[in-house]
Amino acid sequence: MAEAAVETAAAPWALLAAVLLGALALGAACLDGVLAACAEGVPARVGLRAPVARTAALLRQRRRTTVAADGLLQRAGGGGLVVAALLMVAVVPLGGHALADLPAGVVWFNAMDVLVWALVWLAGWGGDSALALVGGYRFLAQALAYELPLMFALTAPAVAAGSLRVADVAAAQDGLWHVVWMPVAFAVYCAGVVAFSVQGPFAPPAGLDLAGGVLTEASGADRLLLQAGRYALLAAGAAFAVPLFLGGGAGPLLPGWAWVLLKAGLLLAALVVLRRRVPAVRPDRFLEAGWLVLLPAVLLQLLVVAVVVVGRG
Amino acid sequence: MSVPTDLGAAVGVAFWGLAVVAVAAGVAVFRVDSMARATYALAVSFVAVGAALLLVGLDYVGLVVVLMMVMEMAVMGVYMVMLMGMNPALMPMSMVHSGRRAAVLAAGTFVVLAAGALLVPWPERRGAPAPDTVAALGTALMESTMLVMLVVSPVMVATIVAGVALAVPRGRYDRLGDDLRRRPADDPQPGGVGR
């Protein structure tokens with residue numbers, strides 16, 4: 001298969017990538033605020049500015065700490081989520097340019113989402129508090145359930161394209177988007193994205209029944225970074241779905257980069273709306289569902305994709 | 001991944017920087033006093049090794065090292081708290097024991113290996129590196145030894161299944177009754193699909 005042309009963007013463009021990711025994440029948080037306000041009967045504009053107000057409040061909040069907290073690990077875990085999200089979008093091509101055009105970009109994304117295992121657990125561990133630690137373990141239990149289905153969901157488009165390079169996967173869907181003929185892989189991928197960003201049905205690691213779980217002992221800027229990291233991960237997952245399943249920058253009239261942003265924004269909005277409508281999943285129950293339902297389903301999807309690829313020659 | 005020549009020096013610096021990080025984090029594993037710090041110091045060491053592999057052009061292998069090792073350390077964190085008696089994992093503790101014997105052993109091993117490295121007459125390099133090192137590695141592993149792999153993997157799977165069957169505290173007869181007909185199963189922790 002011909003290699004899709006992608007230029008490696010110069011290092012300063014990483015700032016633009018960070019700004020765009022931040023804008024997407026903030027947009028998702030604002031949308032969530034509006035939805036929450038509507039559900040509670042509060043004026044929508046209150047919900048719209050809630051994330052900004054919360055950010056300002058957290059930036060001014062004095063950091064409190066527990067007696068034997070492991071500050072280094074706690075900060076590494078809390079601050080690392082944003083970094084992992086930024087590293088994820090580094091391989092997403094934006095209209096013929098990518099920050100890193102890696103030959104194994106799909107595996108890169110996978111490695112970054114595995115980093116979240118460590119980061120969330122460290123955020124829970126570092127506070128030296130029982131509820132936060134339980135939250136960290138909840139996340140690992142959940143991760144054991146979603147990670148393998150997510151890995152095979154990432155594999156399906158790569159198999160169809162015959163390449164692990166993100167630009168090749170995007171170029172391989174000329175005419176027919178992967179989401180159309182591998183819907184199961186797309187659905188499992190979206191579930192995985194919501195799960196590794198600890199959101200919606202997969203939010204119990206930061207659940208209210210644990211007084212905030214991994215968030216319990218995080219305050220001030222630490223808490224802000226954790227919360228922002230969750231939205232940044234959701235945004236990065238939505239952005240990565242564009243080259244993988246949604247045809248990359250393909251679309252009429254608008255330039256490629258605009259289509260990538262538009263598709264990422266729409267998918268992100270859909271994820272934010274959908275995750276409010278699904279009840280929380282208990283991590284211990286989700287383990288069985290992940291291994292007995294999601295994994296076989298996505299493996300069958302992969303089989304279909306492989307047969308199609310072999311049949312196509 | 002082909003490295004542009006004008007980046008050569010920067011890549012060299014990055015490689016040695018990563019090497020120092022890998023060794024320093026490896027040393028930290030035994031110097032820190034908390035299981036969590038030791039575990040994740042080891043993870044940092046492996047991530048540095050994975051990044052160094054990326055620099056020498058082994059993209060896939062480097063990324064898989066990062067992926068596998070971080071996952072492994074996260075799971076190890078679960079086991080260390082679950083299985084250690086009296087849960088010292090939650091308290092400050094030394095990461096070494098039998099200090100003097102360990103130091104003698106380590107020094108001896110180092111002397112033997114270093115002497116070997118210096119004294120053995122190493123053969124001259126024959127041939128050139130393959131253009132695609134990952135593919136060459138795959139061929140070397142899979143082509144001539146494929147039959148061995150095919151024989152070994154069922155044995156390994158059988159070993160895993162037998163090990164789990166022997167170790168599991170509650171088997172299917174406990175869950176489903178003597179005639180395996182009880183539905184739903186009697187589980188202390190019910191699963192999500194209602195078996």
Side-chain angles (χ1 to χ4, degrees), chain A residues 8 11 68 70 72-74 76-77 80 84 87 91 100-122 124-126 128 130 133 136-137 139-141 143-145 147-148 151 164-165 281-294 296, chain B residues 1-2 4 7 10 28 32-44 46-47 50-51 53-54 57-82 87 89-92 132 134-135 184-185 187-195:
Chain A
T8 304
D70 192 331
L72 174 68
L73 295 188
Q74 195 180 15
L87 290 174
V91 291
D101 177 29
L102 297 180
V106 176
V107 189
W108 169 273
F109 178 85
N110 201 187
M112 294 311 125
D113 88 59
V114 167
L115 276 188
V116 179
W117 287 43
L119 298 173
V120 174
W121 186 81
L122 284 175
W125 167 276
D128 190 39
L133 187 58
Y137 280 117
F139 183 77
L140 283 184
L144 285 171
E147 191 63 47
L148 273 176
M151 275 184 187
L164 286 169
R165 196 164 152 261
V281 184
R282 272 177 47 174
D284 56 333
R285 300 201 159 199
F286 179 53
L287 201 58
E288 198 175 84
W291 281 80
L292 293 180
V293 180
L294 293 186
Chain B
M1 184 169 57
S2 63
L7 281 177
V32 295
D33 65 349
S34 115
M35 283 296 260
R37 284 194 173 201
T39 306
Y40 282 97
L42 195 52
V44 168
F46 277 120
V47 169
L53 286 172
L54 284 183
L58 290 173
D59 297 85
Y60 184 78
V61 179
L63 287 172
V64 166
V65 164
V66 174
L67 194 156
M68 298 295 284
M69 287 305 157
V70 172
M71 207 182 244
E72 210 164 296
M73 292 308 142
V75 173
M76 199 169 100
V78 176
Y79 278 95
M80 84 191 176
V81 174
M82 195 165 74
N87 234 337
L90 293 171
M91 309 187 189
D132 188 348
V134 177
D187 283 328
Q189 187 107 46
V193 296
R195 284 179 314 147

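Letters go in sequence order (proteins before strands), and every chain restarts at 1. Not measured: the values here are computed from a predicted model.
- To the nearest 0.5 Å, atoms CZ (A/Arg165) and CG (B/Asp59) are separated by 11.5 Å.
- Remark: of the listed residues B/Met69, B/Met71, B/Met68, B/Met71 is the sole one forming a side chain to side chain contact (heavy atoms under 4.5 Å, CB included) with A/Val114.
- Note that the OG1 atom of B/Thr39 and the CH2 atom of A/Trp125 stand 8.0 Å from one another [nearest 0.5 Å].
- Residue with the most contacts toward chain B among A/Ala68, A/Ala118, A/Ala141: A/Ala118 (heavy-atom pairs, distance under 4.5 Å).
- At a 4.5 Å heavy-atom cutoff, the contact between A/Trp108 and chain B is made by backbone and side-chain atoms alike.
- A/Met151 contributes atom CE, which lies 4.5 Å from atom CG of B/Leu67 (distance to the nearest 0.5 angstrom).
- Heavy atoms closer than 4.5 Å to chain A are found nowhere in B/Met73, neither backbone nor side chain.
- Other residues, nucleotides and ligands place more than 12 heavy atoms under 6.0 Å from the OH atom of A/Tyr137.
- Neither the backbone nor the side chain of B/Val65 comes within less than 4.5 Å of any heavy atom of chain A.
- To the nearest 0.5 Å, the span separating CG on B/Leu63 from CG on A/Leu164 amounts to 9.5 Å.
- Ranking A/Leu122, A/Val281, A/Val293 against chain B, the residue ahead of the rest is A/Leu122, based on heavy-atom pairs under 4.5 Å.
- With a 4.5 Å cut-off on non-hydrogen atoms, A/Leu140 touches chain B through its side chain but not through its backbone.
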